[in-house]
Amino acid sequence: MTTSTGLDRDTLDLMLSSLDEFLAQNLPESRRLDLDRDDTCPEETVRAMCGEDLGVHLVFVPEEYGGLGGGAFDSYRICERMARTDIGVATAVFATFLGSDPILVGATPEQRKEWLGRIAEQGVLFAYGATEPEAGSDLGALTTTATPVETDGRVTGYRLSGRKQWISNGSIADVTTILALAPGGPSWFVVERGTPGFSAAPPEDKHGIRLSNTAALFLDDVLVPADNLVGRVEGRGLVQAQQVFGYTRVMVAAFGLGGGWEALDRAVAYSTNRIQGGTPLAGKQGYTHKLIVPYVARLEAARAFLEETCARLDAGHGADGALNTEGAIAKYLATEAGNAAAEAAIQAHGGYGYTRPYQVEKIKRDVRITTIYEGTSEILEMTIARDRWQQHLKTAGRYHRDLARELAGLPATTGAPAAALALDCLAAVLDACRAGRLTRSQHVLLRLGELIAYAESAGALARRAAAAAAGTLPEKADRRFPPAALAAISRVTARDAALKVAEEGLRWVVGANSLADTAAALPLDEVRAAQAGLLADMDAIADALYDRTSPLEAASS
């Protein structure tokens, strides 16, 4: 396993500030709205971002190929920051690194040097040609074929035929990696723009991310040299795709965080100046506690899990797809939270939120795609549930109970007791599902995926709150909230997770007509008692958002 220290903090901070400055100058709000209206990708701006003007692409390229060698943590911070400006543009930039991932994990050293070197030196744009019209998330159902071409009994090339759908950068990419079925199995091929028989349809007329270029690709007997077979061995395509899901999904999770937080921050700013009934909306508990605070908790729970996963990826724990489930949890949590936060932000703006100039309407349309591409939320629920179900069976039900016990040493102020309660309740629900064989119901399995994500993220946020209090957060971690506010966010999250797992878990067990006495195994009274203090913590979160002194902060000062 390889490790990546990535960028030092000063370099990351410099890149983030340079990115902010570049985007403010080149993509001001008025231009973004015009491009969105016209459904136009600002290709020249994307290329400038990946050129000498900014060089953001270098963060994603290993040092040995001319890049800066950023790690997963660095990439997440960059992706979140890009998404705060525009998820469509962020998608266009990230598509190059998604498209080059098969090369990074599966190519020969010579292929890596050539193609990754061209990204670093020339800023070439890539596309990732995996999805097909009838296959969707099921890569194993692809129909694009790669027929070997032999010369003197030796394979010298391949003829690719088929169609790809919904390809980011589809009609602007200089190079595309194409997944096709060769005689030896699914394989990746590198196809350069302008190759005879390779063409793109007009860009899709999309609901959102209209600043990204998304198009269908057509391969009509496209001849590529045998050297363009990634790794020069057939049949490794699906394995190569699976190897990077842990990484690519946390980057899309960062898009969810960026879009969700941008929408919430706009709602916070709006409510500070909007007067209703003689006082600003910011001072109305019914406004903040319904439309703002719950989404802060969901986004920061997702961030905690995301940052833990990035740290593990950078420590080398993600080899051969070992953290694919963690990537799925991070993406599921962050994109669902970002989508919900953007919806709430429209409501928080009232009628203005439904109009284009206030941007939250656009953000909502943009962030919606993050729950679909790079694995739909439903695929992720299935991925999460299947993996953790196997862990539950292999450990005789100890997997989540052990996670609960690991929280025992954390201060109660971090929400750890309620988070542990959520994990224990989850184990009890899984026990009931095992006894009743309830995972044969696909819907029950998907709902378990949701409950697992909520419970595990509550544990991650409790650990993050403890690290913040102890001053041991990772050097490059987001530090928006002071320790006292982060602890309040963690307590709200943990209570919510405990209640959700216990009540909804019981609902699905009983709803499947199985083991109605499961209630006896769930500490429902303890879960309900854990809700004590919820309103005060929501007050404290609102105070932190609006830079007001809360009773909790006063007590800790």
Side-chain angles (χ1 to χ4, degrees), residues 4 59-60 70-80 82-83 87 90-91 93-102 104-105 128 130-131 136-139 166-168 177 179 209 212 238-260 298-299 301-339 367-388 446 449-450 452-454 456-457 460:
S4 171
V59 174
F60 300 87
F73 220 110
D74 305 309
S75 298
Y76 129 66
R77 294 296 308 278
I78 294 288
C79 283
E80 182 186 7
M82 288 192 297
I87 295 175
T91 297
V93 172
F94 184 64
T96 286
F97 307 100
L98 182 61
S100 63
D101 274 338
L104 181 63
V105 302
Y128 184 75
T131 305
S137 296
D138 184 6
L139 296 184
W166 306 302
I167 306 303
S168 296
T177 45
L179 184 64
I209 58 166
S212 73
L238 295 186
V239 172
Q240 290 162 352
Q242 289 285 339
Q243 282 182 312
V244 298
F245 275 156
Y247 175 87
T248 59
R249 284 175 172 164
V250 298
M251 298 311 126
V252 178
F255 290 172
L257 281 183
R298 288 185 61 180
L299 286 167
R303 185 189 303 281
F305 197 94
L306 171 58
E307 290 198 345
E308 283 194 350
T309 303
C310 287
R312 293 179 66 187
L313 285 167
D314 286 340
H317 297 165
D320 299 323
L323 292 178
N324 283 356
T325 301
E326 284 72 13
I329 292 173
K331 179 185 182 297
Y332 176 71
L333 290 165
T335 60
E336 288 289 330
N339 188 51
V367 78
R368 183 69 180 83
I369 190 59
T370 66
T371 69
I372 298 173
Y373 65 10
E374 200 58 17
T376 67
S377 290
E378 293 70 34
I379 288 290
L380 300 182
E381 286 175 341
M382 183 66 74
T383 298
I384 296 163
R386 282 177 171 170
D387 179 79
R388 296 305 198 240
L446 265 62
E450 178 187 23
I452 289 164
Y454 267 74
E456 293 194 22
S457 67

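Quick caveat: nothing in here was measured; it's all calculated off a predicted structure.
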With Tyr128 via ring pair (Phe, Tyr, Trp, His ring centres under 6.0 Å) - residues at least two apart = Trp188
Partner residues of Tyr454 under the ring pair (Phe, Tyr, Trp, His ring centres under 6.0 Å) criterion, sequence neighbours left out | none
So how far is it from [X] [atom1] to [Y] [atom2], rounded to the nearest 0.5 Å?
| X | Y | atom1 | atom2 | result |
| --- | --- | --- | --- | --- |
| Leu446 | Ile384 | CG | CD1 | 9.5 Å |
| Ile379 | Ile372 | CD1 | CD1 | 12.5 Å |
| Asp101 | Thr177 | CG | OG1 | 8.5 Å |
| Asp74 | Phe60 | CG | CZ | 9.5 Å |
| Glu308 | Leu323 | CD | CG | 11.5 Å |
| Ile452 | Arg386 | CD1 | CZ | 12.5 Å |

If every non-hydrogen atom of [X] is compared with every non-hydrogen atom of [Y], which pair is closest and at what distance?
| X | Y | result |
| --- | --- | --- |
| Gly258 | Ala83 | CA-CB, 4.1 Å |
| Leu313 | Gly246 | CD1-O, 3.8 Å |
| Gly449 | Ala385 | N-CB, 3.8 Å |
| Ser457 | Leu333 | CB-CD1, 3.4 Å |
| Gly259 | Ile87 | CA-CD1, 4.0 Å |
| Ile167 | Thr131 | CD1-O, 4.0 Å |

State, yes or no, whether a side-chain contact exists between [X] and [Y] at a heavy-atom distance under 4.5 Å.
| X | Y | answer |
| --- | --- | --- |
| Leu98 | Val244 | no |
| Phe255 | Glu80 | no |
| Val367 | Thr335 | no |
| Cys310 | Val250 | yes |
| Thr370 | Asn339 | no |
| Thr248 | Phe94 | yes |

Phe73 ring center near Tyr76 ring center (under 6.0 Å) | yes
Donor-acceptor pair, side chain of Lys331 and main chain of Gly375, under 3.5 angstrom = yes
So the salt bridge (charged side-chain N to carboxylate O under 4.0 Å, His left out) pairs with at least one residue in residues 367-384 (sequence neighbours excluded) are Glu381-Arg447
Which residues share a salt bridge (Lys or Arg N to Asp or Glu O under 4.0 Å) with Arg249, sequence neighbours left out = none
Residues in side chain to side chain contact (heavy atoms under 4.5 Å, CB included) with Glu336, at least two apart?
-> Arg298, Tyr332, Thr371, Ser377
With sequence neighbours excluded, tell me which residues meet side chain to side chain contact (heavy atoms under 4.5 Å, CB included) with Ser168.
-> Thr91, Ala95
Report yes or no: do Ser75 and Tyr247 form a side-chain donor-acceptor pair below 3.5 Å?
-> yes
Stepwise side chain to side chain contact (heavy atoms under 4.5 Å, CB included) check, Val105 with Val239 = CA-CA 10 Å; Val105 302; Val239 172; over 6 Å; no
